[in-house]
Amino acid sequence: MVKRDGVIPKVLGDPQHGVARGALCGKCAIAYNGVWRDQTQRLSTPLKREGSKGLGQFVPATWDEALCDIGGRLAAIARTRPASVLHTHYTGTCSLLAGIFPQRFFNALGATEVDPDTVCNKAGHAALGYALGSSTDGFDPREAARAACILVWGANPSATAPHMHKHWLPESPAIKIVIDPIRHDTAAAAYLHLQPYPGSDAALAFAMMHVAVTENLIDANFIAKSVLGFDDLAATLPACTPHWGQAVTGVPAADIVRAARLFAAGPSLLWLGQGMQRQKYGGNAFRAAVALAAITGNIGKPGAGICYLNGPATRGIDTDRIARPDLHANPHSISHMQLAATLANPSAAQALVSWNNNIVASSPNQSALRQALLREDLLHVAIDLFATDTTAYADWILPAASFLEFDDLVVPYFNQTLSAQVKATDPPGQALPNMEIFRRLALASGLTDPALQETDHAMIAAILAQTSTGLDFTTLAERGTVEVFAHTRIPFADGVFATPSGRIEIASAAAQADGHPLLPTPHADAWAPAPGVLRVLSPASRWTMNSLYANDPAIRAKLGPASATLNPHDAASLGINAGDHITLTNGTGSLNLLASVSDTVPPGVALVPKGRWPLHEASGANVNVLFGGDMTDMAQSSAVHAVEAKITRA
Ligand SMILES: Nc1nc2c(c(=O)[nH]1)N[C@H]1C(S)=C(S)[C@@H](COP(=O)(O)OP(=O)(O)OC[C@H]3O[C@@H](n4cnc5c(=O)[nH]c(N)nc54)[C@H](O)[C@@H]3O)O[C@H]1N2
Ligand SMILES: Nc1nc2c(c(=O)[nH]1)N[C@H]1C(S)=C(S)[C@@H](COP(=O)(O)OP(=O)(O)OC[C@H]3O[C@@H](n4cnc5c(=O)[nH]c(N)nc54)[C@H](O)[C@@H]3O)O[C@H]1N2
Ligand SMILES: [Mo]
């Protein structure tokens, strides 16, 4: 950030930042110097609905008017039916206070949380919980210096972690393997790219384990000491030959063998992506991938380990200190997969507060969700920086400050660093940081617990004190970003896992008690779509962060028109050429797009990146109009990459 006379001429990367090294990623460099600081685009005053729901007509109001009306109505609902107040939140801003403190208000109110992870990564958390006892204690990326192999499985760093794609992967001496149906830039740069059919990863892991066992590449000592269920697993492996693997995953048997040998030889780092678990058996696929790492001894050693996410707790930070779940007498949550149906039901939902979350763009069942949001009797408060597809349905829109406009702390979920987010400028008009909005809302709702008035600086100081950095906010602000640990941490180096047995549980009685198989199974989704039907993958776009930035004019120019990318063979057999208007249709909805053709996409797949704003599209919808909310096998989490649609020329 460059700052002159209190104004920001330009937002730039920090040259001292060890990960970004002075460069912002492409999308952030554009949007933080574009729409995020465009005072004509930002919300700057509370807005009250005028006319019917969903028409998007609002008139400015004062904070007092807004808070008095919202607080009074929320308090009245909460007096009899607190759980009928729903709130949704997620990746709008991920700084610690602005992302978490508002939850304290809803905990005190007794509201229902629409569990954010259910639209993203909860199946993976559940699966890793069964197997390792923890899903947020990942390898330290600095271990890449000591790794012989890095396996990126179902993640696309070239879009979703660009600094890791640009610096971390190329600088590691390790051999890189990518497992992903799409040949994205990280896959194209890898030594080996396995391209399985979507939803066939567990079978691939079993075929790799078959190779590891038959070629005696397993770590018998590690298994004896730290793994539960190997013998039962081994009994299932003889049938899972590389040729069987090729038949059910589409990956050539020779590549399965090569990948298995490289990974087993180790030491190997396994990066488990969030894309891979958004499949109907995504939890099972994660358990199978962990089993591969476990039997080859690639856990708890230098240069070896698994990373899904590194949570705040790896840095000693207890987020409950901010969220205060203890204030909630009867915690209740629902899945995003149930959001539209729940909102349509007046006895389940009387109020909705959406903050840090653009549900009409991001959540499933887009058409049904819009229909539910039209309910005149649903009190809807939307808190955002911009007028979005979601705020259009609100009774009240409250203007939020962006991360450039308040102090906070940031903990990324891959590198184990800690950053100060330092206020660089004032928010536009009367916009306020999330924390201040919820402190005021608590008072207006008659909630008197002093915890609801805690100041930002008190919370920041308390969190910093939990870390081992010894830094106060002023010192951290001067340094920008710090590594929390001087030396790399190797999770599970002591061989102790927080599972019931204390070992890695390939066989998990806890999973079985929850209705899952005792062991992971060699599942692969059947790969025989009906003629003209393709699997629709809607992972991240490199130009947006979920739906963020998609309203920036320069970003929209980069994105180009909404398209579906098809493999040349599918395009030819469907009689579709690049640039043709096509329609994707299934039982949930229909979407008009332009066709694009590329062999980076495998046969049978249509690539339609997430994140576009429906209100900018001629069709008024984005890819989530096709997603009916199918759940994974675990944790009622999103199986969005299991969507199928019939493709026709429009
Ligand atoms: N530029 C950008 N960066 C982002 C985001 C963004 O929207 N844009 N979003 C952020 C968020 S909230 C998240 S959760 C992360 C997600 O980051 P990632 O974990 O990278 O997840 P995705 O981009 O959803 O999907 C990654 C890959 O999974 C693949 N995939 C889909 N189905 C399967 C399958 O069955 N098997 C395998 N092996 N692979 C499969 C897709 O082809 C895709 O290439 O990114 C974060 N970073
Ligand atoms: N088809 C499909 N759909 C998906 C996915 C997919 O892979 N495919 N991925 C899913 C995933 S991984 C995720 S995490 C979700 C993300 O879904 P969302 O959380 O809806 O994603 P964002 O685009 O980050 O939306 C956040 C909203 O918060 C607003 N905002 C930004 N900063 C602030 C702030 O400081 N305060 C407030 N109050 N608001 C702010 C932004 O303007 C934006 O409107 O989407 C999911 N949807
Ligand atoms: Mo996510």
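Start at 1 and go down the list; that is how both ligands and their atoms are numbered. Because the structure is a prediction, the values reported are computed rather than measured.
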Of all the non-hydrogen atoms in the protein, which one sits nearest to atom 17 (O) of ligand 2, and at what distance?
Ser362 OG, 3.1 Å

Show the atoms of ligand 1 that are less than 4.0 angstrom away from any heavy atom in Trp153.
38 (N)

So, regarding Cys120 and ligand 2 (criterion: nitrogen or oxygen to nitrogen or oxygen, under 3.5 Å), is there a contact or not?
no

Per-atom contacts of ligand 2 with Ser547, taking only distances under 4.0 Å to non-hydrogen atoms
22 (P), 23 (O), 25 (O)

Identify whether the distance between the nearest side-chain nitrogen and carboxylate oxygen of Asp408 and Lys423 falls below 4.0 Å.
no

Counting only nitrogen or oxygen atoms and a 3.5 angstrom limit, does Asn624 reach ligand 2?
yes

Any idea which atoms of ligand 1 are less than 4.0 Å away from a heavy-atom of Gly275?
19 (O), 21 (O), 24 (O), 25 (O), 26 (C), 28 (O), 31 (C), 32 (N)

Rounded distance (nearest 0.5 Å) linking atom CG of Leu272 with atom CD1 of Ile306:
6.0 Å

Need the ligand 2 atom indices (1-based, order shown) with element for anything under 4.0 Å from a heavy-atom of Ala400.
36 (N), 37 (C), 38 (N)

Give yes if a backbone or side-chain nitrogen or oxygen of Trp355 is under 3.5 Å from a nitrogen or oxygen of ligand 2, and no if not.
no

Heavy atom under 4.0 Å from ligand 1: found in Trp543's side chain, backbone, both, or neither?
neither

Among all protein heavy atoms, pick the one closest to atom 18 (P) of ligand 1 and tell me residue, atom and distance.
Thr160 OG1, 3.8 Å

Do any N/O atoms on Ser363 end up under 3.5 angstrom from N/O atoms on ligand 2?
no

Residue-level breakdown please: for His641 versus ligand 1, do any non-hydrogen atoms fall below 4.0 Å on the side chain, on the backbone, on both, or on neither?
side chain

If we set the cut-off at 4.0 Å for heavy atoms, which region of Thr544 has an atom near ligand 1: side chain, backbone, both, or neither?
backbone

Ion pair check, Lys280 and Asp630, cut-off under 4.0 Å
yes

Show your reasoning for whether ring pair (Phe, Tyr, Trp, His ring centres under 6.0 Å) applies to Tyr308 and Phe286.
CA-CA 10 Å; Tyr308 186 38; Phe286 260 44; 5.0 Å; yes

Check each atom of ligand 1 against the heavy atoms of Ala159 and keep those under 4.0 Å away; list them by number with element.
1 (N), 2 (C), 3 (N)

Would you mind running through ligand 1 and noting each atom that sits below 4.0 Å from a heavy atom of Arg278?
14 (S), 24 (O)

With heavy atoms of Gly199 as the reference, note each atom of ligand 1 found under 4.0 Å away.
34 (C), 35 (O)

Interfacing atoms of ligand 1 (cut-off 4.0 Å, heavy-atom, Gln279)
32 (N), 33 (C), 34 (C), 35 (O)

Side chains of Ser335 and Asp115, donor plus acceptor under 3.5 Å:
no

With atom 10 (C) of ligand 1 as the reference point, say which of His184, Met545, Gln277 has the nearest heavy atom.
Met545

Counting only nitrogen or oxygen atoms and a 3.5 angstrom limit, does Ile359 reach ligand 2?
no

Residues Arg37, Glu405: salt bridge by 4.0 Å N-O rule:
no

Verify the distance criterion only: is there a donor paired with an acceptor across the side chains of Thr88 and Asn357 at less than 3.5 Å?
yes

Ignoring angles and geometry beyond distance, decide whether Asn356 reaches within less than 3.5 Å of ligand 2 through its nitrogen or oxygen atoms.
yes

So, are Asp599 and Arg183 salt-bridged, with charged N and O less than 4.0 Å apart?
yes

Does any N/O atom on Ile383 come nearer than 3.5 Å to any N/O atom on ligand 2?
yes

In sequence, state the C-alpha distance, the side-chain angles, and the governing distance for Thr417 and Asn415, and then conclude on side-chain hydrogen bond (donor to acceptor under 3.5 Å, both in side chains).
CA-CA 6 Å; Thr417 55; Asn415 296 284; 5.8 Å; no

With backbone taken as N, CA, C and O and side chain as the heavy atoms from C-beta onward, which portion of Asp201 lies under 4.0 Å from ligand 1: side chain, backbone, both, or neither?
side chain

Using a 4.0 Å heavy-atom cut-off, which part of Tyr90 comes near ligand 1: side chain, backbone, both, or neither?
neither

For atom 7 (O) of ligand 1, the protein heavy atom that lies nearest, with its residue and separation
Asn546 N, 2.6 Å

I want to confirm something. Looking only at heavy atoms, which of Asp180, Leu204, Val605, Asp117 is nearest to atom 42 (O) of ligand 1?
Asp180

Quick one: does Trp36 get an N or O within less than 3.5 Å of an N or O on ligand 2?
no

Given that the side chain starts at C-beta and the backbone is N, CA, C, O, which of these parts of Ser541 lies under 4.0 Å from ligand 1, counting heavy atoms, or is it both or neither?
backbone

